[in-house]
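Since the structure comes first, as structure tokens, the remarks are kept for the end.
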Amino acid sequence: MELRQLEYFIAICEEMHFSRASEKLFTTQSNLSQQIKFLEKELGVPLFDRMGKRITLTDAGKVLLEQSNHVFSHIKYARDAIAEMKNIQGGTLTIGVLPGDADLLFNALLVEFHRTYPKLSLSVIETTEVTEQVIKGNIDIGVTTSSFHDDRIVQIPLFNEEFSLAVAVESSFANKKTVQLKDLQFMETVMFPSNHQCRKLVDKFCMELGFHLHPKIETTTISSLINMVQQGIGVSVLPKLLLENLDNKDIKIIKLTNPTPSQNICIVYRTEKYLGFAARAFIDTLNTYIETAINHAEVINNHTS
């Protein structure tokens, strides 16, 4: 069994078509078919069920595909580790974040990271499927909410993200220290759209109390939400850590109770993935950044209390 044969096999599995796979591999269809026949002969089982021009994987084919992906994953691990030895301070890193989190968390962090590690190349991708994209290998590491248990994934807890009510200092609510979440149904709100992760979380807690939010305005832009809260157009439910670090004098932060919406944020990466210098440096920087933000928020709270 040769690596080239496994590469051919994986390409066919991705395309589910011999002709398209041969074009992708820059080889002839006859050579591709011959290599698969050699592979099937060596294994003693068919790998594909052929029904006219359509093909499907046999059970044996499914097993080989899974193990082939593991083989090439380990080869990539070795190549990445060796490449890093040649250029310890260089490298590239693709980071997956939930929609909106680039604005909520990453802007200042990325500037700081670039200044510290100018030779590293970063790519930040917003996706609603952070964990799934990590599993597929499309992104190196992800920052997301704690996900389902999966042996293919390592989860590193980052922090518990609590949500608070943001109101204008001139609002009639501004003199309150706490607001019960159920009272949100009687307030004019400005919120992220319903497909935004932050909004999904708030909606989940509201639905558990038996009501739905009907915002006056929805926007994906955090700066727009903050501006509308300042102008008294409506209140908003946003991450407490974000609000505290904005330190906006025109906005009052009020604790939501019974219950307080919150979610656990974590870093995820594939179990067998080699964490190179770029990934390790980013994880360290992110942990320090979060710790600094939490400490800064505590200083502000102590000063204002």
Side-chain angles (χ1 to χ4, degrees), residues 1-16 21 24-25 35-36 39 42-43 45 47 57-98 101 106 109 113 117 119-159 264-288 290:
M1 189 181 299
E2 300 176 2
L3 285 177
R4 181 183 60 176
Q5 292 173 330
L6 294 181
E7 287 177 335
Y8 285 1
F9 171 69
I10 290 174
I12 297 170
C13 292
E14 290 173 345
E15 300 294 332
M16 276 302 163
K24 181 178 180 179
L25 294 166
Q35 292 301 320
I36 296 302
L39 196 54
E42 180 180 348
L43 294 171
V45 291
L47 299 172
L57 275 173
T58 63
D59 289 341
K62 293 175 183 177
V63 171
L64 183 61
L65 177 60
E66 181 181 0
Q67 296 306 313
S68 296
N69 285 329
H70 285 314
V71 167
F72 286 103
S73 176
H74 288 304
I75 291 173
K76 185 178 185 303
Y77 182 103
R79 286 174 176 166
D80 289 346
I82 292 169
E84 186 180 45
M85 293 177 186
K86 298 178 181 178
N87 185 16
I88 191 67
Q89 294 295 322
T92 61
L93 184 66
T94 303
I95 305 160
V97 299
L98 294 167
D101 276 3
F106 278 85
L109 171 65
F113 187 78
Y117 304 102
K119 292 183 180 181
L120 294 180
S121 298
L122 285 182
S123 176
V124 179
I125 298 173
E126 290 193 343
T127 173
T128 58
E129 300 180 333
V130 173
T131 301
E132 291 81 355
Q133 292 302 314
V134 168
I135 290 173
K136 291 178 181 177
N138 296 332
I139 56 182
D140 297 314
I141 61 176
V143 181
T144 184
T145 56
S146 292
S147 57
F148 51 88
H149 175 75
D150 191 311
D151 290 337
R152 296 171 292 178
I153 289 293
V154 174
Q155 294 189 46
I156 303 175
L158 200 52
F159 71 106
N264 292 319
I265 305 298
C266 65
I267 298 169
V268 295
Y269 60 89
R270 280 193 67 105
T271 304
E272 79 284 1
K273 180 174 180 59
Y274 173 72
L275 279 188
F277 176 80
R280 297 195 306 273
F282 180 80
I283 290 173
D284 288 343
T285 303
L286 179 55
N287 273 303
T288 301
I290 294 297

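Positions are given from 1 along the sequence.
- With rounding to the nearest 0.5 angstrom, the CG atom of L25 is 6.5 Å from the OH atom of Y8.
- Tested against I135 for a side chain to side chain contact (heavy atoms under 4.5 Å, CB included), the candidates I153, V268, V130 yield a single pass: I153.
- Interatomic distance, E14 CD to K24 NZ, rounded to the nearest 0.5 Å: 3.5 Å.
- Partner L158 forms a side chain to side chain contact (heavy atoms under 4.5 Å, CB included) with one of I283, T144, V143, N264 and no other, that one being V143.
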(message) Test side chain to side chain contact (heavy atoms under 4.5 Å, CB included) on F113 and L120; report intermediate values, then the result.
(response) CA-CA 9 Å; F113 187 78; L120 294 180; 3.6 Å; yes
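- Of the options I139, I141, V124, a side chain to side chain contact (heavy atoms under 4.5 Å, CB included) to T94 is made by I139 and by none of the others.
- Under the 4.5 Å side-chain criterion, counting only non-hydrogen atoms from C-beta, H149 is in contact with D151.
- Of all heavy-atom pairs spanning T285 and Y117, the tightest one is OG1-CE1, 3.9 Å.
- Distance check: F9 CZ to L64 CG gives 4.0 Å after rounding to the nearest 0.5 Å.
- A donor-acceptor pair under 3.5 Å links the side-chain atoms of T58 to the main chain of L47, judged by distance alone.
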(message) Does L57 form a side chain to side chain contact (heavy atoms under 4.5 Å, CB included) with C13? I'd like the steps, not just the answer.
(response) CA-CA 8 Å; L57 275 173; C13 292; 3.7 Å; yes
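- Between the side chain of S68 and the main chain of L6, no donor-acceptor pair closer than 3.5 Å is present.
- No side-chain donor-acceptor contact under 3.5 Å links S73 to the backbone of N69.
- Note: E7 CD to Q35 CD = 11.0 Å, rounded to the nearest 0.5 Å.
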(request) Could you check E66 against K62 for side chain to side chain contact (heavy atoms under 4.5 Å, CB included), going step by step and ending with a plain yes or no? (result) CA-CA 6 Å; E66 181 181 0; K62 293 175 183 177; over 6 Å; no
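- Side-chain contact check for T127 and Q133: no donor-acceptor pair (N or O, by modelled atom type) lies under 3.5 Å.
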(request) Apply side chain to side chain contact (heavy atoms under 4.5 Å, CB included) to the pair V63 and D59, showing each step before the final yes or no. (result) CA-CA 6 Å; V63 171; D59 289 341; 5.9 Å; no
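- Counting all heavy atoms, side chain and backbone alike, C266 lies closest to P157 at CB-CA, 4.1 Å.
- Taking NE2 of H70 as the start and CG of L65 as the end, the distance is 10.0 Å to the nearest 0.5 Å.
- Between the side chain of T271 and the main chain of R152, a donor-acceptor pair closer than 3.5 Å is present.
- Looking only at distances, no side-chain donor or acceptor of T145 sits under 3.5 Å from a matching main-chain atom of I265.
- Proximity of D140 to Y269: side-chain heavy atoms (C-beta onward) are nowhere separated by under 4.5 Å.
- In terms of heavy-atom proximity, K136 sits nearest to R270 at N-NH1, 4.4 Å.
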